[in-house]
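Numbered from 1 within each chain, the chains take letters A, B, ... in sequence-line order. Worth knowing before you read on, the calculation uses all heavy atoms, side chains too, and leaves out hydrogens, waters and symmetry mates. These numbers were taken from a predicted model, which means no experiment stands behind them.
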Number of protein chains: 2
Amino acid sequence: MERFVLHWGEMGSRWGVNRSVAQVHALLYLAGRPLTADEIVETLGIARSNVSTSLRELLSWDLIVQHPLLGDRRDYFRAETDLWTVLLTIVEGRKRREIDPTLTMLRLAKLDAAGDEETPEDIKRRIEDVLNFVEKLTAWYEQVSSLSRSTLIKLMKLGAKVSALVK
Amino acid sequence: MERFVLHWGEMGSRWGVNRSVAQVHALLYLAGRPLTADEIVETLGIARSNVSTSLRELLSWDLIVQHPLLGDRRDYFRAETDLWTVLLTIVEGRKRREIDPTLTMLRLAKLDAAGDEETPEDIKRRIEDVLNFVEKLTAWYEQVSSLSRSTLIKLMKLGAKVSALVK
DNA sequence: TCTTTCTTTCAGTAATAACTGAAATAATAG
DNA sequence: CTATTATTTCAGTTATTACTGAAAGAAAGA
């Protein structure tokens, strides 16, 4: 468990996720049962306030849920354990927080470039290329993410054989 | 161009890529012609040494190439402009540097857990679930990344219609 | 060989992000 | 209403990462 949680934290920081946030998520995933903030503090050895912040961050990503327990006023938190759901939730979050603003920027950049006769044509084209590429990827993601879990699994198993479809 | 380069740098830092590295890459991509380190210094207003380090980093990712010019001993650098190639190169790099070590860790964690009778069964199972999931995704990526550019484009256009194949 | 030009290395500094502990706030029980 | 327990906020500190400028190193021309 220790190895898993520590590596997950390390992995988080390489992808722009706070180490503590990733560790808390890893721990909740492994635990498989609702934990209180204090249990997390004890296990990970980080400050209570840090755990509180990390839990809020994970809640905002919809990666964990609050899980009230009858007769206990402490907050319990539980992580999703279906890995497809976890993956799609993370991708959805990053799309919303990072890809969508990037699309906005690219559209502005295209406008900027169009209204400026100093900008060479090939640079305008390359900005548009990126815009089109990101738009295509996003559209593809939106379609595929709406497929059922079982369809996704079957498609994964097909691997390169999907290319049969385009022949 | 400024908007594009600055946003790309910002985007980089959200994904664990050094801001300067991302900016240099964005600039070389947009320029579409080979640039010297000094041209980059002048345009981005960062230290010569910083540019040098960033260029080496981009070279190690195979995102830029050195481009010698006859009769000029300075190094010129050029970025790949085919966006599919750029995307697949980045994914390949991250797989090698991050996913492969994660797979190693997961296999070790599985062994650790198997050899420890204190670890509950459901935690062992969740570690294995992650291992299997990442292995499946990796195998899928390896197959799909070897498909031709045109096949990939066609598959993208199909979107959710690929699900027809699994019916 | 000696200069000149270009590139890299690296120690020190600056900037950023993460984390802590104390205090404030909120919620519930008695 | 008051005491108790739980949670959040935030100013200050620590840790990490990024960046700079000077110096060393490398390559080519005179």
Colleague: Should we say atom NZ of A:Lys124 is surrounded by more than 12 heavy atoms from elsewhere, each under 6.0 Å from it?
Modeller: yes
Colleague: Does the side chain of A:Arg74 pick up a donor-acceptor pair with the side chain of A:Tyr76 at under 3.5 Å?
Modeller: yes
Colleague: Are the charged groups of A:Glu135 and A:Arg107 less than 4.0 angstrom apart, N to O?
Modeller: yes
Colleague: Report the C-alpha distance between A:Ser52 and A:Leu55 in whole Å, list the side-chain angles of each, state the deciding distance to 0.1 Å, and finish with yes or no for side-chain contact (heavy atoms from CB on, under 4.5 Å).
Modeller: CA-CA 5 Å; A:Ser52 177; A:Leu55 289 169; 5.8 Å; no
Colleague: Tell me whether B:Glu42 at atom CD has more than 12 heavy atoms from other residues, nucleotides or ligands lying less than 6.0 Å away.
Modeller: no
Colleague: Where along residues 37-47 of chain A does a heavy atom fall under 4.0 Å from DNA chain C?
Modeller: A:Ile46, A:Ala47
Colleague: For A:Lys95, does the NZ atom sit with more than 12 other heavy atoms under 6.0 Å from it, leaving out its own atoms?
Modeller: yes
Colleague: So which protein nitrogen or oxygen atoms get under 3.5 Å of nucleotides 10-18 of chain C's nitrogens or oxygens?
Modeller:
none

Colleague: Let's see if you get this right: which residues in residues 59-80 of chain B place a heavy atom under 4.0 Å from DNA chain D?
Modeller: B:Arg73
Colleague: Could you state the atom-to-atom distance from CG of B:Leu35 to P of C:dC6 in whole Å?
Modeller: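 Atom-to-atom, B:Leu35 to C:dC6, this comes out as 15 Å.
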Colleague: Under 6.0 Å from the CZ atom of A:Arg48, do we count more than 12 heavy atoms belonging to anything else shown?
Modeller: yes
Colleague: Would you find a donor on one side and an acceptor on the other, under 3.5 Å apart, between the side chain of A:Thr104 and the backbone of A:Asp100?
Modeller: yes
Colleague: Quick one: are the ring centres of B:Tyr29 and B:Trp8 less than 6.0 Å apart?
Modeller: no
Colleague: So which residues get pulled into B:Leu108's cluster when ILVMFWY side chains under 4.5 Å apart are joined, directly or through others?
Modeller: none
Colleague: Tell me whether the NZ or CZ atom of A:Arg94 lies within the 45° cone about the ring axis of B:Trp15 and under 6.0 Å from its centre.
Modeller: yes
Colleague: Could you list the protein-to-nucleotides 1-3 of chain D atom pairs, N/O on both sides, closer than 3.5 Å?
Modeller:
none

Colleague: In whole Å, I'd like the distance from the CZ atom of B:Arg48 to the C1' atom of D:dG21.
Modeller: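 Going from CZ in B:Arg48 over to C1' in D:dG21 covers 13 Å.
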Colleague: Given side chains that start at C-beta, do those of B:Asn18 and B:Glu57 come closer than 4.5 Å, heavy atoms only?
Modeller: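 No, side chains not in contact.
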Colleague: Taking the six-membered ring of B:Trp61 as reference, does the cationic atom of B:Arg97 (NZ for Lys, CZ for Arg) lie under 6.0 Å from its centre and within 45° of its axis?
Modeller: yes
Colleague: Looking only at the side chains, is there a donor atom on one of B:Asn50 and B:Thr53 sitting less than 3.5 Å from an acceptor on the other?
Modeller: no
Colleague: Tell me the bend of the helix from C:dT1-D:dA30 to C:dG30-D:dC1 as the angle between end helix axes, each from five pairs, rounded to the nearest 10 degrees.
Modeller: 10°
Colleague: Any salt bridge between A:Asp82 and A:Arg149, counting N to O under 4.0 Å?
Modeller: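 Answer for the salt bridge query: yes.
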